[in-house]
Student: 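Structure in structure tokens, see below.
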Amino acid sequence: MSKKISIKDLKDYVGQEIQVSGWLYNKRSSGKLRFLILRDGSGYLQCVYFKGNVTPEVFELTDKIGQESSITVTGKVKEEPRSPGGYELDATEVTIIHETHDYPITPKEHGVEFLMDNRHLWLRSSRQVAIMKIRHRIVKAIRDFFDDRGFTLMDAPILTPAACEGTSTLFETEYFDLGKAYLTQSGQLYAEAGALALGKVYTFGPTFRAEKSKTRRHLTEFWMVEPEVAFSDLNDNMDLAEEFLEYIVQSVLKDRAEELKVLERDITKLQCVVRPLPRISYDEAVEILHKEGLPFEYGNDLGAADETVISSKFDKPVMVHRYPSEVKAFYMKRDPENPKLALAVDVLAPEGYGEIIGGSQREESLETLQERIKEHDLPMEAFEWYLDLRRFGSVPHSGFGLGLERTVAWICGLEHVRETIPFARMIYRNTP
RNA sequence: UCCGCGAUAGCUCAAUGGUGGAGCAUUCGGCUGUUAACCGAAGGGUUGCAAGUUCGAGUCUUGCUCGCGGAGCCA
């Protein structure tokens, strides 16, 4: 009985007879030859059936099997430069586990709506497999980065009693006898509690926004990683962010070169993501916009088009810091040198992928924070626990949030974030 | 909520107001090295829904539904 192996391990079995189980990805034929492309999740294998080498029954079967049938193939592994991947199977047997016909996603072009309706099947396509593997590598890089630097993973609740920042629209649900609860839009306030307990923490989980945004950069459900560090100011925060981004990008380049190739990603755009990253102030960003002739009004937040213009001036992610405090969240500390500015930083990805990181140094003064909550017209009692963090051993601290899907879209070079998450949740789609 | 574009075969798309086609997929036939294989043949249609203009509407008009892109909002 021949050994069962994964396609990724083929190179260790050259000359031996083996078995592989998987799904029929594509099929081609030429007279007395049949080429079956098998996929098993670990790779792709071309299985060659020559009429003279197999029984008539097996040869006939190879004609009948439809795309995405699940099968087990048996044969001898050989090196073959003409084969995609460099190896192929000189096949002698094929066993059908489940025969299928009329698989909807053919090896041709399809429209977005059709593919999203069939997302559960679309995930089997080579591009989608590559994206999921890169997404996983990015997630692993995120966890390794913080784990190796003394951070503790401390996840925040998903059901929360009130808005975290008081700005965006939230999904609402009934919570037993306690009234309304909301799906979290950020774990940040809880991460601050964690930082004052453990020094350095990060949260990593799904977040929810009920805004009716309908663009290539928006999902209603997306994943965010949020580190928070005690005794850390804005500059420390930017140091952490740039080391973090370099680590993520270089990890993907090192371990997922194959997948980036499948996606036809121009990796020279990623190779240059090494420290230091450019840092400009909001004021300098506005200067760039004015020099470009854009009618940007000082004091506004940067729009999507503004971000694209600014990021196009740099070949790596650019950090924009010290925004007008009016356009930023209530908990951000103001610049002692100019109280009109917040000690905030956004990181804009290159090539128009927009904001992938937003962060700040947090306000640590109890009195100042109470004033801000009043100014923003937020319910003080909901924030009492948060204010306790300033009553008992308050320290300068800072952190940021990185949007996973925007990061995946940028690194993979995708048009839309809907392909970066297995099952996207968007304003007009919550299926499959 | 607003602006723009779109909806025709299972899929991707053509079709001057005058008999709705092609490629892929499917089925059948051919080919000993295919690379989204190729060559030949066949089957496959309530042109998103409703109304209107017209001798005649896939095509023009109005309304509706759904989708895509963007704006606002947001990350």
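Note on naming: letters A, B, ... go to the chains in the order of the sequence lines (proteins, then strands), and numbering restarts at 1 for each one.
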Student: Nearest whole Å is fine: how far is B:G48 P from A:Asp117 CG?
Tutor: 17 Å
Student: With respect to the side chain of A:Asn26, which nucleotide from B:C74, B:A36, B:U32 is positioned closest?
Tutor: B:A36
Student: With rounding to the closest Å, how many angstrom separate the P atoms on B:C64 and B:G56?
Tutor: 27 Å
Student: May I ask you to decide if A:Phe222's main-chain N or O and A:Thr207's side chain share a donor-acceptor pair within less than 3.5 Å?
Tutor: yes
Student: Report the residue (A:Thr220 or A:Gly52) whose heavy-atom-nearest nucleotide on RNA chain B is the more 5′ of the two.
Tutor: A:Gly52
Student: Answer with base, sugar-phosphate or nothing: what part of the nucleic acid does A:Lys51 contact at a heavy-atom distance below 4.0 Å?
Tutor: nothing
Student: With P as the reference atom in both, quote the distance from B:A15 to B:A22 in angstrom, rounded to an integer.
Tutor: 15 Å
Student: Rounded to whole angstrom, note down the P distance from B:A50 over to B:U8.
Tutor: 16 Å
Student: Checking all strands, does A:Tyr428 fall into the base, sugar-phosphate, or nothing category for heavy-atom contacts under 4.0 angstrom?
Tutor: sugar-phosphate
Student: Just so I know, are the side chains of A:Tyr87 and A:Lys78 near enough to count as touching, which here means a heavy-atom distance under 4.5 Å?
Tutor: no
Student: Identify whether any heavy atom of A:Gly111 sits under 4.0 Å from a base atom; if not, whether one sits that close to sugar-phosphate; answer base, sugar-phosphate or nothing.
Tutor: sugar-phosphate
Student: Expressed in whole Å, how much space separates the C1' atoms belonging to B:C73 and B:C3?
Tutor: 16 Å
Student: Both A:Pro104 and A:Glu88 contact RNA chain B. Which one's nearest nucleotide lies toward the 5' end?
Tutor: A:Pro104
Student: Indicate whether the side chain of A:Tyr331 and that of A:Gln188 have a donor and an acceptor atom separated by less than 3.5 Å.
Tutor: yes
Student: Strictly below 4.0 Å, N to O, side chains only: are A:Arg82 and A:Glu80 in salt-bridge contact?
Tutor: yes
Student: In whole Å, I'd like the distance from the CE atom of A:Met426 to the P atom of B:G70.
Tutor: 12 Å
Student: Are A:Arg149 and A:Phe145 in a cation-pi contact, defined as NZ or CZ under 6.0 Å from the six-membered ring centre and within 45° of the axis?
Tutor: yes
Student: Send over the distance from A:Glu211 CD to B:C74 C1', rounded to a whole Å.
Tutor: 4 Å
Student: Write down the distance between NZ (A:Lys78) and P (B:G33), rounded to a whole number of angstrom.
Tutor: 13 Å
Student: May I ask you to check whether A:Tyr103 and A:Trp23 place their ring centres under 6.0 Å from each other?
Tutor: no
Student: Is the centre of the A:Tyr25 ring less than 6.0 Å from the centre of the A:Tyr44 ring?
Tutor: yes
Student: Could you check which of B:A71, B:A75, B:U32 has an atom nearest any side-chain atom of A:Ala304?
Tutor: B:A71
Student: What's A:Ser29 touching, base or sugar-phosphate or nothing? Going by heavy atoms closer than 4.0 Å.
Tutor: base
Student: Between A:His397 and A:Glu192, does any side-chain donor sit less than 3.5 Å from a side-chain acceptor?
Tutor: yes
Student: From B:A71, B:C66, B:U32, pick the nucleotide closest to the side chain of A:Arg217?
Tutor: B:A71
Student: Would you indicate what A:Leu219 reaches in the nucleic acid, counting non-hydrogen atoms under 4.0 angstrom: base, sugar-phosphate, or nothing?
Tutor: base
Student: For nucleotides B:G10 and B:U47, find the distance between their P atoms and express it as a whole number of Å.
Tutor: 12 Å
Student: Under 5.5 Å centre to centre and under 30° between planes: does that hold for A:Phe35 and the six-membered base ring of B:G33?
Tutor: no
Student: Which nucleotide in the set B:C74, B:G70, B:G33 lies at the smallest distance from any side-chain heavy atom of A:His218?
Tutor: B:C74
Student: For the side chain of A:Glu355, starting at C-beta, report the closest nucleotide among B:G70, B:C11, B:A75.
Tutor: B:A75
Student: Are any of A:Arg28's side-chain N or O atoms less than 4.0 Å away from OP1 or OP2 of B:G33?
Tutor: no
Student: For B:U53 versus B:U12, give the span between their P atoms, rounded off to a whole number of Å.
Tutor: 35 Å
Student: B:C68, OP1 or OP2 - any side-chain N/O from A:His416 closer than 4.0 Å?
Tutor: no
Student: Has the side chain of A:Thr106 got a donor or acceptor that lies under 3.5 Å from a partner of the other kind on the base of B:C24?
Tutor: no
Student: Between B:C74 atom P and A:Glu405 atom CD, what is the distance in whole Å?
Tutor: 20 Å
Student: Answer with base, sugar-phosphate or nothing: what part of the nucleic acid does A:Ser213 contact at a heavy-atom distance below 4.0 Å?
Tutor: base
Student: Going by heavy atoms closer than 4.0 Å, what residues in residues 38-46 of chain A are next to RNA chain B?
Tutor: A:Gln46
Student: Using the P atom as the reference point in each nucleotide, state the distance between B:U59 and B:G17 in Å, no decimals.
Tutor: 11 Å
Student: If only side-chain N and O atoms of A:Arg209 are considered, is one of them under 4.0 Å from the OP1 or OP2 phosphate oxygen of B:A75?
Tutor: yes
Student: Write down the distance between CD (A:Glu113) and C1' (B:C13), rounded to a whole number of angstrom.
Tutor: 16 Å
Student: Can you tell me which stems RNA chain B forms, taking runs of 3 or more consecutive Watson-Crick or G-U pairs with both distances under 3.5 Å?
Tutor: B:1-7 with B:65-71, B:10-13 with B:21-24, B:26-30 with B:38-42, B:48-52 with B:60-64
Student: Using atom P of each nucleotide, how far apart are B:G40 and B:C55 to the nearest Å?
Tutor: 45 Å
Student: Regarding A:Lys328, tell me which of base, sugar-phosphate or nothing describes its non-hydrogen contacts under 4.0 Å with the strands shown.
Tutor: nothing
Student: Tell me whether A:His376 contacts the main-chain N or O of A:Arg372 through its side chain, where contact means a donor paired with an acceptor under 3.5 Å.
Tutor: yes
Student: Measure from the side chain of A:Phe114, starting at C-beta and using heavy atoms only, and say which of B:G72, B:G33, B:U12 lies closest.
Tutor: B:U12
Student: How are the rings of A:Tyr386 and A:Phe383 set to each other: parallel, tilted or perpendicular (split at 30° and 60°)?
Tutor: perpendicular
Student: Quick one, A:Leu378 and A:Phe330 - any side-chain contact, counting heavy atoms below 4.5 Å?
Tutor: yes
Student: Could you check whether A:Arg216 gets within reach of a base, just the sugar-phosphate, or nothing at all, counting any heavy atom under 4.0 Å?
Tutor: sugar-phosphate
Student: Scan side-chain atoms only and decide if A:Ser398 and A:Ser232 contain a donor-acceptor pair under the 3.5 Å cut-off.
Tutor: yes
Student: Report the nucleotide, chosen from B:U1, B:U26, B:G33, that has the shortest atom-to-atom distance to any side-chain atom of A:Arg82.
Tutor: B:G33
Student: Does the pair A:Arg34/A:Asp63 count as a salt bridge with the N-to-O cut at 4.0 Å?
Tutor: yes
Student: Counting only side-chain nitrogens and oxygens, does A:Arg418 get under 4.0 Å of the OP1 or OP2 atom of B:G69?
Tutor: yes
Student: Look at the side chain of A:His110 against the base of B:C11 and say whether a donor-acceptor pair falls under 3.5 Å; ignore hydrogens and angles.
Tutor: no
